Amino acid sequence: MKASIINSYGDVDVFELAEIAKPELKPGHVLVRVAATSVNTVDTMIRQMGEALPLSPALPAVLGMDFAGTIEAIGDGVTNFAVGDEVYGCAGGLADLQGTLAEYILADARLIARKPKNLSMKEAAAIPLVGITAFEGLIRAGAHAGQTVLVHGGAGGVGHIALQLASYLGADVYATATGADKLALVEKLGATPIDYIQEPVADYVAKHTNGVGFDVVFDSVGGANMENSFQASRLNGQVASTVSLVEMDLSTAHFKGLSLHVVFMLIPMLHDVQREVHGEILAKLAEIAEAGKLTPVIDEPSFTLAQVGQAHARLASGQSKGKVVIEI
């Protein structure tokens with residue numbers, strides 16, 4: 001089968017097309033013909049950092065975690081899927097799991113669900129990693145109807161899904177972004193846009209919460225922005241972070257009595273623990289999408305298997321909106 005592989009870690013030019021063996025079927029798994037995959041920040045981190053990142057696969061490697069495609073074969077013990085089912089999931093691209101930048105992937109059946117019927121393969125491939133991340137963060141933070149929810153990075157991969165899910169849960173949703181197009185996207189998706197360049201935290205907290213702070217802050221930016229999340233939270237508030245790789249003073253969180261929820265959705269894949277939870281979340285996300293409450297945003301342009309490096313460069317540029325997608 002055709003695949004985009006890397007023989008070394010480094011810049012976006014490390015990808016090369018190759019013919020590799022099709023995965024062999026095994027119990028509890030399904031063989032999926034991949035139609036599309038999407039690029040996540042963690043994919044670029046693996047490509048750049050290599051062995052410095054504990055979850056990186058051994059070389060040569062096929063990267064890529066998300067996919068949408070069609071089941072071509074069923075392994076022993078799999079009873080809830082059939083050949084011909086259109087499915088989506090996040091099931092490879094790290095440790096010893098072959099990634100999705102290939103014509104086929106062998107996916108643990110616990111990590112997948114049926115593709116939302118009203119979405120294209122490209123749209124479905126954009127959801128899994130960011131959708132599971134957003135869902136886990138909001139649920140762990142206890143987001144519910146009547147609350148104020150602030151999403152940092154509202155036009156990004158995780159953020160644009162998180163704001164839609166927060167709205168689905170009944171919250172009053174706000175999201176940070178900058179630039180007219182990204183602010184417009186945030187508003188189109190149902191959140192009140194906040195230009196973080198033009199408005200300091202204290203100003204938008206005063207404007208939108210009468211100075212009380214937001215009930216839930218979902219931070220998909222991380223780094224130095226974590227302090228902004230703490231500043232924007234109400235007393236005894238909830239902060240969910242997807243990027244907590246930072247050393248910082250937690251004094252603000254302490255004196256405000258904040259609860260911090262760190263979301264690292266790769267744990268089930270890495271440690272083979274509670275993988276079925278991801279399948280359940282994906283099924284729920286499909287239900288929400290089919291109800292018209294969740295629409296992934298696909299960045300333009302789309303890329304092919306021969307253009308994976310360009311797709312990685314597009315995500316790294318900071319210019320993309322929603323998800324960068326690769327058609328296989």
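Computed over heavy atoms, backbone and side chain alike; hydrogens, waters and symmetry mates excluded. Source: prediction; values computed, not measured. We count residues from 1, following the sequence as given.
- Here Lys284 pairs with Glu287 under the salt bridge (Lys or Arg N to Asp or Glu O under 4.0 Å) rule; sequence neighbours left out.
- No hydrogens or angles considered: a donor-acceptor pair under 3.5 Å links the side chains of Asn7 and Glu16.
- Between Tyr88 and Phe67, the distance separating the two ring centers is not shorter than 6.0 angstrom.
- The neighbour count for Lys256 NZ, taken as heavy atoms of other residues, nucleotides or ligands under 6.0 Å away, is above 12.
- Pairing each heavy atom of Ala68 with each of Ala125, the nearest pair is CB-N, 3.7 Å.
- What you find for Ile161 and Pro296 is that their closest heavy atoms are CD1-CA, 4.3 Å.
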Mind running side chain to side chain donor-acceptor pair (under 3.5 Å) on His152 and Thr176 for me, showing each step along the way? CA-CA 5 Å; His152 282 303; Thr176 61; 3.2 Å; yes
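- Ser241 and Asp219 form no side-chain donor-acceptor contact under 3.5 Å, judged by distance and modelled atom types alone.
- Counting only distance, with no hydrogens or angles, the side chain of Gln147 and the backbone of His144 share a donor-acceptor pair below 3.5 Å.
- When the side chain to side chain donor-acceptor pair (under 3.5 Å) test is applied to Asn118, no partner is found at least two apart in sequence or on another chain.
- With Thr100 contributing its side chain and Gly64 its backbone, the two residues share a donor-acceptor pair below 3.5 Å.
- Of the N and O atoms on the side chains of Thr252 and Glu227, at least one donor lies less than 3.5 Å from an acceptor on the other residue.
- The nearest pair of heavy atoms linking Ile112 to Ala107 is CG2-CB, 4.0 Å.
- Ile197 belongs to a hydrophobic cluster with Tyr196, counting contacts under 4.5 Å between side-chain heavy atoms of Ile, Leu, Val, Met, Phe, Trp and Tyr, direct or through other members.
- Inspection of the Gln48 and Tyr9 side chains reveals no N or O donor paired with an N or O acceptor under 3.5 Å.
- Side-chain atoms of Asp66 and Thr37 include no donor-acceptor pair closer than 3.5 Å.
- Residues Asn40 and Val130 have side chains in contact (heavy-atom distance under 4.5 Å, counting atoms from C-beta outward).
- In this structure, His278 NE2 and Leu129 CG are separated by 8.5 Å, a value rounded to the nearest 0.5 Å.
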Applying side-chain contact (heavy atoms from CB on, under 4.5 Å) to Leu163 and Tyr174, what does each step give before you reach the verdict? CA-CA 8 Å; Leu163 70 84; Tyr174 302 80; over 6 Å; no
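- With Ser233 contributing its side chain and Ser229 its backbone, the two residues share a donor-acceptor pair below 3.5 Å.
- Residue pairs meeting the salt bridge (charged side-chain N to carboxylate O under 4.0 Å, His left out) criterion with at least one partner in residues 96-115, sequence neighbours excluded, are Arg33-Glu103, Asp85-Arg114, Glu86-Lys115, Asp108-Arg110, Asp108-Arg275, Arg110-Asp272.
- Donor-acceptor pairing under 3.5 Å is lacking for the side chains of His312 and Thr44.
- The two residues Tyr204 and Glu199 make their nearest non-hydrogen contact at CD2-O, 3.6 Å.
- More than 12 non-hydrogen atoms from other residues, nucleotides or ligands lie less than 6.0 angstrom from CD of Glu19.
- Proximity of Phe264 to Leu55: side-chain heavy atoms (C-beta onward) are separated by under 4.5 Å at one or more points.
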Should Asp215 and Thr148 be marked as a side chain to side chain donor-acceptor pair (under 3.5 Å) after you check the CA-CA gap, both sets of side-chain angles, and the distance that decides it? CA-CA 5 Å; Asp215 297 308; Thr148 54; 3.2 Å; yes
What's the verdict on side-chain contact (heavy atoms from CB on, under 4.5 Å) for Lys293 and Ile288, showing C-alpha distance, side-chain angles and the deciding distance? CA-CA 6 Å; Lys293 303 297 185 180; Ile288 296 171; 3.6 Å; yes
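- In this structure the side chain of Val297 reaches within 4.5 angstrom of the side chain of His160, judged on heavy atoms.
- Listed here is the closest heavy atom pair of Ser4 and Val308: OG-CG2, 3.6 Å.
- Taking Asp13 as the reference, nothing meets the side chain to side chain donor-acceptor pair (under 3.5 Å) condition, with sequence neighbours excluded.
- Counting heavy atoms from C-beta on, the side chains of Thr192 and His208 come closer than 4.5 Å.
- Using modelled atom types and a 3.5 Å distance limit, the side chains of Ser167 and Gln164 yield no donor-acceptor pair.
- Look at Asp181 and Lys321 and you find a salt bridge, because one of the NZ, NE, NH1 or NH2 atoms lies within 4.0 Å of a carboxylate O, short of that distance.
- Through direct or relayed side-chain contacts under 4.5 Å between Ile, Leu, Val, Met, Phe, Trp and Tyr, Ile298 connects to Val325.
- Remark: the backbone N or O of Ala184 is not paired with any side-chain donor or acceptor of Glu187 at under 3.5 angstrom.
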